[in-house]
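A short worksheet on the structure shown next.
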Amino acid sequence: MPDKSDKVRVRFAPSPTGYLHIGGARTAVYNWLFARKHKGSFILRIEDTDAERSTTDSIEGILDGLKWLGLDWDEGPYFQSANINAHKKAAEHLIETGHAYKCFCTKEDLDMKREAAKTSKQPYKYDRNCRKLSAKEAAENEASGIPCVVRFKVPDREGALVFNDLVYGPIERHYDDIEDFVILRSDGSPLYLLSNAVDDINDGITHVIRGQDGLANTPRQILIYEALGARLPEFAHMPLTLDLKKQKISKRTHGEVVAVQFYREHGFLPWALVNFLVLLGWHTPDDREIFTRDELIAAFSLDGISRANSIFNYRPGDPKFFTDPKALSINARYIKELPVEEIAWQIKDKLKEAGLYDTQYDGAKRQWFLDTLNLLRVRYHTLNDFVTLGRPYFSDEFQIDQKALNKNILKYPEVKDWLPQLAEALSRLPTWGAAETEAAIRGFIDKTGAGSGVIINAVRTVVTGQAVGPGLFECLAAIGKERVTTRLKNMPNLVMA
RNA sequence: GUCCCCGUCGUCUAGCCAGGUCAAGGACACAAGCCUUUCACGCUUGCGACACGGGUUCAAAUCCCGUCGGGGACGCCA
């Protein structure tokens, strides 16, 4: 058990896959939060021993995701592959101290036994054949060139190995149920269980916070710690995130939605994603849901992690929700409630990508820019909405929504005549603002006897391309006299086309 | 199959450890109404869950047992 005085050291140890998986990101978030909360260190270690998957690009994908989320690490990235010698040495040490032994059973042999056990519905466990070999016999085997693996010698003890998981509580595993597992392959390379434990020891990890799929490995790793005479870290396993069918979420079956990068591309604020992810299987005593970074760090505790797996509520092909609705709603809330300046630079990036950014938004038109974002953001859900739905505010090239056209324009043939007339009236306004345009339009309505809803909705459709949006007069004020009058004048072309 | 873990509204969850204040609370989603020139804005209301069966108890979502359901682990993968 680590001393209370010890500085907390946690790690996130992904294997490189080219992108950061949201499940992995959640694990990273919990570790990062725990480190920050306890003023400890958050260490990044890449478990890259599966060589062919570990390219520079696939590692970069992970780092990129973490950086975007704002999960800064204090040490690393370390690479597991760099420590292979240490892992081998640990295995040798285990053999010398009688905690491991060489096993000459062939893979084919073991496969057969495993298969036989399966067909006869018997539980399979390695029969410890080579454990009984004398030192002399082992040496002879080796001398005659028979390949061997190294197995860990599970102690012959009565009862069960018990450890206290910080999330799941006491976990028991009978020694009888643990088989002598392989720690070194026949080519001498180390296996995950060993490497992982040795690295954690070397990195001085005090708390192993990882997915529940590591829970069943823990007893074996504890045995390695013991045999190596290392101090045990605390373990905290977190529930998994599954899909609606209770399957693990993966890029293979679910596509890009499981990748953190997807959320950047789709207009998420990184912190909104973090906030969503942290809520998947964790809560505060007072059930708060929205946190600033500092609030979250202060509020975070392993106690709040639940034990049941949670579900990522993603319905493929849903036209309205391209990801979990709760994630979208949290994102929308941040877009709505953050100080505008904080979202403005991120919207700038999006507008630039779309070729819609005017450098004056940083200068003379700064105030207009911020006011317009304020006007729009109340009903937007993602940053991308500013370049799609918000396009008519920044550009003259935009599509008119077909439904809006049918409903607000084509249904009323008279508007074809009215709108250009209205454009005339508006163009004569000496000053341009919501109050002025409202007065002018209401005056026009009185004069022509047109329905106010008809005119207002028609104007909205022509000027913004949509049937929905903020109050019309504020829209007009934001879009500006020039653009508004031009769009109204050109309106009959729309009907022709 | 064996071992381990889990099981409250559609989803995230509160409550469970220290049984009564829970005819089970919040959030998201959904529905209706209101507002309004419109809406994926706002406001109000509504719909909706203790997996099942036993037991203990004056009293059980909360404790015990069983059943069922789900997940994970059982590799010379990580």
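- Distance, A:I311 CD1 to B:rG7 C1': 11 Å, rounded to whole Å.
- Here the nucleotide nearest the side chain of A:D213, chosen from B:rC77, B:rA73, B:rC5, is B:rA73.
- Residue A:F473 places its side chain closer to B:rU37 than to any other of B:rU37, B:rC12, B:rA78.
- Pairing partner, B:rU36: none, since no Watson-Crick or wobble contact has both distances short of 3.5 Å.
- Taking atom CG of A:N406 as the reference point, atom C1' of B:rU38 lies 16 Å away to the nearest angstrom.
- Look at the C1' atom in both B:rG71 and B:rC35: the space between them is 47 Å, to the nearest Å.
- Using cut-offs of 30° and 60° for the angle between ring planes, the A:Y30 and A:F300 rings count as tilted.
- Looking at heavy-atom distances under 4.0 Å, A:F321 makes contact with sugar-phosphate atoms alone, never a base.
- Contact check, A:K246 against B:rG69: no side-chain N or O comes under 4.0 Å of OP1 or OP2.
- Counting non-hydrogen atoms under 4.0 angstrom, A:K248 reaches the backbone sugars and phosphates but no base.
- Base pairing of B:rG19: no nucleotide in any strand meets the Watson-Crick or G-U wobble criterion (both distances under 3.5 Å).
- For the pair A:R307 CZ and B:rC5 P, the interatomic distance rounds to 12 Å; values are reported in whole Å.
- The base of B:rC76 sits with one of its N or O atoms less than 3.5 Å from a complementary donor or acceptor on the side chain of A:S186.
- For B:rG75, the OP1/OP2 oxygens have a side-chain nitrogen or oxygen of A:R114 closer than 4.0 Å.
- Nucleic acid contact for A:N217: base, since at least one base atom lies under 4.0 Å from a heavy atom of the residue.
- A:H87 and A:S195 form a side-chain donor-acceptor contact under 3.5 Å, judged by distance and modelled atom types alone.
- For A:S250, the side-chain hydrogen bond (donor to acceptor under 3.5 Å, both in side chains) partners two or more places apart in sequence, or in a different chain, are A:T253.
- Backbone-only engagement by A:E47 is indicated by non-hydrogen atom pairs under 4.0 Å involving sugar-phosphate atoms exclusively.
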At under 4.0 Å between heavy atoms, how does the protein contact nucleotides 14-19 of chain B? Give one character per nucleotide, 5' to 3', with B, S or -. S-----
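- Pair assignment for B:rG66: B:rC52, on the basis of Watson-Crick or G-U wobble contacts that are both within less than 3.5 Å.
- Not a single donor-acceptor pair under 3.5 Å links the side chain of A:E438 to the backbone N or O of A:A435.
- Near RNA chain B, meaning a heavy atom under 4.0 Å away, the residues from residues 326-337 of chain A are A:K326, A:S329, A:K336.
- Annotation: cation-pi geometry satisfied between A:R220 and A:F181 (NZ/CZ under 6.0 angstrom from ring centroid, within 45° of ring axis).
- Using modelled atom types and a 3.5 Å distance limit, the side chains of A:R210 and A:T27 yield no donor-acceptor pair.
- Taking atom CG of residue A:L376 and atom P of nucleotide B:rA40, one finds them 17 Å apart after rounding to whole Å.
- Less than 4.0 Å separates RNA chain B from at least one heavy atom of each of the following residues of residues 80-88 of chain A: A:Q80.
- Judged by distance alone, the side chains of A:Q402 and A:N406 do bring a donor and an acceptor atom under 3.5 Å apart.
- Looking at heavy-atom distances under 4.0 Å, A:P147 makes no contact with the nucleic acid at all.
- Heavy atoms of A:G211 sit nowhere under 4.0 angstrom from any nucleic acid atom.
- Here the C1' atom of nucleotide B:rG7 and the CD atom of A:Q212 are 13 Å apart, to the nearest Å.
- Within residues 444-469 of chain A, the residues approached by RNA chain B to less than 4.0 Å at the level of any non-hydrogen atom are A:I456, A:N457, A:R460, A:A467, A:V468, A:G469, in residue-number order.
- For A:F322 and A:Y314, the gap between ring centers reaches or exceeds 6.0 Å.
- Where A:H381 and A:T106 meet RNA chain B, the nucleotide closest to each residue was compared, and A:H381 sits on the side nearer the 5' end.
- With hydrogens and angles left out, the side-chain atoms of A:H254 and A:D243 include a donor and acceptor closer than 3.5 Å.
- In this structure, the side-chain hydrogen bond (donor to acceptor under 3.5 Å, both in side chains) partners of A:Y334, at least two apart in sequence or on a different chain, are A:W271, A:N275.
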Pair A:T323, A:F268 - check side chain to side chain contact (heavy atoms under 4.5 Å, CB included), show working. CA-CA 11 Å; A:T323 185; A:F268 265 70; 4.0 Å; yes
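- Atom P of nucleotide B:rU36 and atom CD of A:E438 are separated by 13 Å, given to the nearest angstrom.
- Judged by distance alone, the side chains of A:R151 and A:Y101 never bring a donor and an acceptor atom under 3.5 Å apart.
- A cation-pi arrangement is absent between A:R45 and A:F79, since the terminal nitrogen or guanidinium carbon is not both under 6.0 Å from the aromatic centre and inside a 45° cone about the axis.
- Among the protein residues, A:C148 comes within range of no part of the nucleic acid, since none of its heavy atoms lies under 4.0 Å from any strand.
- Atom OH of A:Y175 is separated from atom P of B:rC4 by 15 Å (rounded to the nearest Å).
- Between the side chains of A:T464 and A:R460, no donor N or O sits under 3.5 Å from an acceptor N or O.
- At a threshold of 4.0 angstrom between heavy atoms, the contacts of A:V182 are confined to the sugar-phosphate backbone, with no base atom among them.
- Pair assignment for B:rG1: B:rC74, on the basis of Watson-Crick or G-U wobble contacts that are both within less than 3.5 Å.
- Among A:K102, A:R128, A:K125, the one residue that satisfies the salt bridge (Lys or Arg N to Asp or Glu O under 4.0 Å) test with A:D180 is A:R128.
- Here A:W418 and A:Y412 keep their ring centres 6.0 angstrom or further from each other.
- Checking B:rC47 for Watson-Crick or G-U wobble geometry (two distances, each under 3.5 Å) identifies no partner in any strand.
- The side chain of A:E289 has B:rA27 as its nearest neighbour among B:rA40, B:rA27, B:rU2.
- Pairing for B:rG10 goes to B:rC28, judged as Watson-Crick or G-U wobble with the two contacts each under 3.5 Å.
- Between A:R185 and B:rC77, a side-chain N or O to OP1/OP2 separation shorter than 4.0 Å is present.
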